[in-house]
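In what follows, a structure is listed as structure tokens, so that the remarks can point back to it.
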2 protein chains.
Amino acid sequence: MGEDATVSRRPNTPKSSTKPRLSTVTSEDEKLLATYDPSKFERPSVTVDVAILSVVGERLITLLHRRDSAPFRGRFALPGGFLQMDESLEAAARRVLLAKAGLRDVYLEQLYTFGAVSRDPRMRILTVAYFALVDATRITVGHDASLPERTLAEIVVPWAGETGGAVEIQIEGARTPEALAFDHADILGTAVKRLRGKLDYTPIGFQLLPEVFTLASLQRVHETILGRPLNKDSFRRKMLASGQLEATGELQQGVDHRPAELYRFTRRSAV
Amino acid sequence: MGEDATVSRRPNTPKSSTKPRLSTVTSEDEKLLATYDPSKFERPSVTVDVAILSVVGERLITLLHRRDSAPFRGRFALPGGFLQMDESLEAAARRVLLAKAGLRDVYLEQLYTFGAVSRDPRMRILTVAYFALVDATRITVGHDASLPERTLAEIVVPWAGETGGAVEIQIEGARTPEALAFDHADILGTAVKRLRGKLDYTPIGFQLLPEVFTLASLQRVHETILGRPLNKDSFRRKMLASGQLEATGELQQGVDHRPAELYRFTRRSAV
DNA sequence: TGAATAGTGTCTATAAGACAATATCCC
DNA sequence: GGGATATTGTCTTATAGACACTATTCA
């Protein structure tokens, strides 16, 4: 940030006289801080929200909480929390993942920062949104005393390709789409758009599958995310040519047809 | 943000009793706010920084300011400023562009939010970084009483492709790279990485050229950003096939060889 | 044996790279 | 005319899609 030195762009903010005292501040700096005090500025609250995405069957799903307080009481919302002063943004996102969904060691990437002035009716709150990819076998919504209530919801994407925009959320059994709290439908839409874009040139789809998987299941994951069918032959060729798949030599079990070979991602560490 | 309702995750924050009063808050909400007050949380400062990129000759350049106060006094930094409580993030970025570089109506896109705990030695400051693309003819660094001092600096990218990482900054005439303030070399590196990625599938390169341009100059822009030579034939074919170029019928003037035809971008509005 | 999906091989269409030939301007 | 770059056309190679055929499992 190129914070200005001379500044008093905000005459309506109270002129606080408390200067920050940090061990890294030298005595020369101390003098300068007298004329430049960032704490003069009003500050927004900052939260971190995580769009946890997974593919179950042929559906793109996400994990939500029902809000039990205002604003948007009763609406579903992404898991999130306030950024603490001693943690990085990513650390906050990982804390949220663990505390609210019981997930650790998942693929996590910063998505976008949402900062519309009135996105929260109470006060100015920015949210730094992340998205996480989790294979279906790791998401649980059963009762767990150490975790808050969770709900899995289907993401229905009402636009093609990478058009972008809000998505619709379909709760199991419900007939109409569920309106989400805040701008969370936009956040999920942004996550889907980003994921679709990445799928073409990165092996990110593997993050949504268990350790070993068949090429057909990988293709179904891609198709579910992209929302369109893919050519089987070229999908197969491209994946094998990418050098990122490793044949395990094992075969699929328990299917009523010829079993497919199981593959493994060669760099599971790519988080 | 899925802010928790019951909360008191931060026992060390002062329990403020000032509840926000907003016209959109209903009386039922008022009651709930008694048990849930986001202002209880300590808040970071938030700035917006803008990486202004341009291509001049065969060089990728950016616009910097020299800091005249601590921290990083004397170092160059990106233009930036504190987010005001009544403006959106993008509005803040556009305000910075106008106030610090005299630029308006330029391509602007949110890049990434940088939030390492100690990125500013004084206090916790997040910055939401944006990048702007400006054609070379619009960047001025001459003296202008309404603008702060500015410097154009060359961006030297020490990595290939989309590897990512900090870039080096070369100030005109200097022999060694210039160390930037804060994490601004990382921000610029992130901007270059993003730009390289977008160049393959979006017409974003046009934003760096004047209204009309030749195919050769467009190719030079692409090559400068990508840091590698491109095949002339296929570049030409791909651009013309994209349907985003429109021949003006005019020819280049004042060259000592056969003049090239001038083209125009068909959707300059794509900001 | 038949249903179902896996996996291989071949052909074609399309896009990318290489290269040659011609065009047009200024000096 | 000579130098320099633009523009067009053709050939070759790589990649993607289409399709036919064989393979393997279970019911």
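The sequence lines fix the lettering, A, B, ..., with proteins before strands; numbering per chain opens at 1.
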Whole Å only: how far is the [atom1] atom of [X] from the [atom2] atom of [N]?
X      : N      : atom1 : atom2 : value
B:L230 : C:dA18 : CG    : P     : 12 Å
A:R236 : D:dA16 : CZ    : C1'   : 16 Å
B:L215 : D:dA6  : CG    : P     : 9 Å
A:L245 : C:dG7  : CG    : C1'   : 15 Å
A:L240 : C:dG9  : CG    : P     : 13 Å
B:Q219 : C:dA16 : CD    : C1'   : 14 Å
B:E261 : C:dC25 : CD    : C1'   : 15 Å
B:D200 : C:dA16 : CG    : P     : 11 Å

| Counting only distance, no hydrogens or angles, is the base of C:dG17 paired donor-acceptor with the side chain of B:R237 under 3.5 Å? |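 For B:R237, whose side chain was compared with the base of C:dG17, there is a donor-acceptor pair (under 3.5 Å).
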| request: Spell out yes or no: do the side chain of B:D256 and the base of C:dC25 have one donor N/O and one acceptor N/O closer than 3.5 Å? | output: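 For B:D256, whose side chain was compared with the base of C:dC25, there is no donor-acceptor pair (under 3.5 Å).
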Keeping [X] on the side-chain end and [Y] on the backbone end, is there a donor-acceptor pair under 3.5 Å?
X      : Y      : value
A:R264 : A:V212 : no
B:Q219 : B:L230 : yes
B:T62  : B:A51  : no

| request: Look at the aromatic rings of A:Y112 and A:F114 and report parallel, tilted or perpendicular, splitting at 30° and 60°. | output: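 Geometry flag for A:F114 against A:Y112: perpendicular rings.
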| query | Taking the inter-plane angle between the rings of A:F213 and A:F206 on a 0 to 90° scale, is it parallel (under 30°), tilted (30 to 60°) or perpendicular (over 60°)? | reply |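 Plane angle between 30° and 60°, so tilted.
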So if I take every side-chain heavy atom of [X] and compare against [options], which nucleotide ends up nearest?
X      : options                : value
B:D233 : C:dA18, C:dA16, C:dA6  : C:dA18
B:H257 : C:dT10, D:dG3, C:dA16  : D:dG3
B:K238 : C:dA16, C:dG7, D:dA16  : C:dA16
A:N231 : D:dA18, D:dA16, C:dA16 : D:dA18

| said: Can you see if the side chain of A:R258 gets near the phosphate of D:dC26 - specifically, an N or O under 4.0 Å from OP1 or OP2? | reply: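 Answer no for this pair, as no side-chain N or O of A:R258 is under 4.0 Å from OP1 or OP2.
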| message | Within the supplied structure, the quantity of interest is the number of heavy atoms (other residues, nucleotides, ligands) at a distance under 6.0 Å from A:R228 CZ; does it exceed 12? | response |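 Count not over threshold, so no.
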| query | A:Q170 and A:V156: which non-hydrogen atoms are nearest, and at how many Å? | reply |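 Where A:Q170 meets A:V156 most closely, the heavy atoms are CB-CG2, 4.2 Å.
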| message | Looking at every heavy atom in both B:G80 and B:D49, which two are closest together, and how far apart are they? | response |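 For B:G80 versus B:D49, the nearest heavy atoms are CA-OD1, 3.3 Å.
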| query | So which of residues 220-228 of chain B are in contact with DNA chain C, with a heavy-atom cut-off of under 4.0 Å? | reply |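 Going residue by residue through residues 220-228 of chain B, none turns out to have a heavy atom under 4.0 Å of DNA chain C.
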| said: By nearest heavy atom, map A:P259 and A:S234 onto DNA chain D; which one lands nearer the 5' end? | reply: A:S234
| message | Within the 4.0 Å heavy-atom criterion, would you say B:A216 contacts the bases, only the backbone, or no part of the nucleic acid? | response |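 Sugar-phosphate, backbone atoms only, no base.
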| B:G254 or B:F235, whichever maps to the more 5' nucleotide of DNA chain C | B:F235
